[in-house]
Amino acid sequence: MISTLVRLPGFLLGMFAMYWSLQVGGLLYRVKFLSRKGRNDMYDWGSVLTDFFRLKLYRCGDKKLHKGPRCLYLCNHRSWCDFFLDMVLAEGRASVLSRGMVFVVFTLGCLFAWCGNYIQFFNRSAVKDHEKFNQWLEDMLKQGPLPGIVVYPEGHRNLKSTPLPLRRGILKFGYSRKIPCQIIMTKNKESVICEKNLTIGFGKKLVVGYSDVIDPAEFDDFEIFAKKVQIVWDNMWATVHAAEISELPPLEFNELSTYEVPSRNFFALAASMVLGMVSFFATLYIMSSTAYGILGFFFRFVGLL
């Protein structure tokens, strides 16, 4: 109980920074919400937090991010750090398939991402017709400016030392649409944020590995394709988690892609950013007023003693 109370202030600070990182990025104009061209919102937003946490990324292996016209980026889910780190590792080229509960937790950031078609929400238990769901997801991808999508094929957070069997639903989507897949495996995400233990870390070193691209068009049978993805996933897990950071080069991001925001999204993105900024300053005002009131009461109380 005492250790939890000791960790809580640092964790709340990290959550506060994470919640308002988009608005801070807009105020610094690292997220270029007033421009239609030359944008990479998801990378720019994520990089605000990688800088805040002072993360040091190292590359395991010689493979790089696949930058084809379409791609499913299969990432390991360890903690809330995934939400911004994987956007950076995918170089802002991917939207996110996420459960609706994430919107409840990070409302303003998710609203911005939704306005730009950078995030798609779903309720797993409500998916009854898988083909209808796959068609909906494909339509959402076509409407957005990003060519890829980040998914978490294990289905939920996995803090174990061994990988889990991959869920077949998203693999069937990729196979049926012949969308190439690439695994992005990261070691030590939970050292940055671990909501389970209420811990936050700064200056942490993370190991990142990119797999070969797995093209479903090369497989005549889905079962063979799914087995191949699982094998590559397991091998990437073992390789990345066994890597020694001292032997790895830094992971660098060069020649980032940019895009033009469609007019139907531009004004919604700008409006959601302004709404977030107003909410940010209102929150700061309420917090400072509350702190001032508490301190004033404390000093008045001390003066009566």
Side-chain angles (χ1 to χ4, degrees), residues 63 65-66 68-80 82-83 85-87 89-90 93-103 117-144 146-187 189-190 208-241:
K63 301 298 185 295
L65 182 75
H66 176 62
R70 296 202 298 175
C71 189
L72 286 180
Y73 298 110
L74 310 179
C75 303
N76 59 318
H77 183 20
R78 302 288 285 186
S79 78
W80 286 351
D82 303 347
F83 299 154
L85 178 61
D86 291 334
M87 299 306 99
L89 299 182
R93 295 177 54 84
S95 57
V96 187
L97 182 62
S98 177
R99 297 182 188 180
M101 183 56 65
V102 175
F103 184 88
N117 280 335
Y118 304 147
I119 192 169
Q120 313 302 335
F121 297 105
F122 77 107
N123 183 349
R124 182 192 300 164
S125 61
V127 178
K128 305 299 182 184
D129 186 333
H130 291 281
E131 180 51 38
K132 184 177 180 180
F133 173 79
N134 289 345
Q135 187 59 52
W136 166 80
L137 182 56
E138 184 175 27
D139 292 342
M140 292 300 100
L141 287 174
K142 289 179 179 179
Q143 291 176 18
L146 307 180
I149 183 169
V150 164
V151 296
Y152 299 96
E154 289 180 300
H156 57 81
R157 180 182 60 196
N158 176 22
L159 289 173
K160 298 179 180 179
S161 60
T162 55
L164 299 176
L166 303 183
R167 300 293 181 99
R168 300 167 67 83
I170 195 63
L171 297 183
K172 286 183 177 179
F173 167 75
Y175 183 79
S176 66
R177 271 61 181 176
K178 305 305 178 188
I179 302 176
C181 301
Q182 184 179 42
I183 294 166
I184 304 178
M185 188 68 64
T186 308
K187 170 187 175 182
K189 288 178 175 179
E190 65 278 10
V208 181
Y210 297 91
S211 75
D212 287 316
V213 176
I214 307 170
D215 189 349
E218 299 176 357
F219 298 84
D220 295 328
D221 181 74
F222 169 74
E223 296 298 331
I224 299 175
F225 167 72
K227 184 177 180 180
K228 175 65 175 181
V229 174
Q230 184 72 63
I231 290 172
V232 177
W233 179 275
D234 293 346
N235 290 339
M236 286 294 298
W237 182 289
T239 300
V240 169
H241 285 81

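No hydrogens, no waters, no symmetry mates; every other heavy atom, side chains included, goes into these values.
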Backbone N/O of [Y] and side chain of [X]: donor-acceptor pair under 3.5 Å:
X: Y73; Y: M87; result: no
X: R70; Y: R177; result: yes
X: R78; Y: N158; result: yes
X: D215; Y: F219; result: no

Provide the closest heavy-atom pair for [X] versus [Y] in the form atom of the first, atom of the second, distance.
X: P147; Y: G68; answer: CB-O, 4.2 Å
X: P216; Y: P180; answer: CD-CA, 3.8 Å
X: E154; Y: L164; answer: OE2-N, 2.9 Å
X: S95; Y: L141; answer: OG-CD2, 3.6 Å
X: L171; Y: F225; answer: O-CE2, 3.7 Å
X: D86; Y: C75; answer: OD2-CB, 3.7 Å

Would V151 and F173 count as a side-chain contact (heavy atoms from CB on, under 4.5 Å) here? Give the steps. CA-CA 11 Å; V151 296; F173 167 75; over 6 Å; no
Could you check if a side-chain atom of H156 sits within less than 4.5 angstrom of a side-chain atom of R167, using non-hydrogen atoms only? yes
Evaluate the side-chain proximity of E131 to K172: yes if any heavy-atom separation is below 4.5 Å, no if none is. no
Check the pair Q230, D234 against side-chain hydrogen bond (donor to acceptor under 3.5 Å, both in side chains), reporting the backbone distance first and the verdict last. CA-CA 6 Å; Q230 184 72 63; D234 293 346; 3.0 Å; yes
Out of L89, N76, L74, which one pairs with M185 under the side-chain contact (heavy atoms from CB on, under 4.5 Å) rule? N76
Checking K178 against Y175: charged group under 6.0 Å from the ring centre and within 45 degrees of the axis? yes
Run the side-chain hydrogen bond (donor to acceptor under 3.5 Å, both in side chains) test on E138 and N134 for me, step by step, so that the C-alpha distance in whole Å, both residues' side-chain angles and the decisive distance to 0.1 Å come before the verdict. CA-CA 6 Å; E138 184 175 27; N134 289 345; over 6 Å; no
Do the rings of W237 and H241 sit parallel, tilted or perpendicular, given the 30° and 60° boundaries? parallel
Aromatic rings F121 and F103: how do their planes relate, parallel, tilted or perpendicular, breaks at 30° and 60°? perpendicular
Rounded distance [0.5 Å steps], CG in L97 versus CE in M140: 12.0 Å
If you round to the nearest 0.5 Å, how far is OG1 of T186 from NE2 of H77? 13.0 Å
Tell me, with the steps shown, if V150 and I184 meet side-chain contact (heavy atoms from CB on, under 4.5 Å). CA-CA 9 Å; V150 164; I184 304 178; 5.8 Å; no
Check step by step if side-chain contact (heavy atoms from CB on, under 4.5 Å) holds for I149 and L137. CA-CA 10 Å; I149 183 169; L137 182 56; 3.8 Å; yes
Please step through side-chain contact (heavy atoms from CB on, under 4.5 Å) for the pair Q182 and I214, ending with a clear verdict. CA-CA 6 Å; Q182 184 179 42; I214 307 170; over 6 Å; no
Could you tell me whether D220 atom CG has more than 12 heavy atoms of other residues or ligands within 6.0 Å of it? no
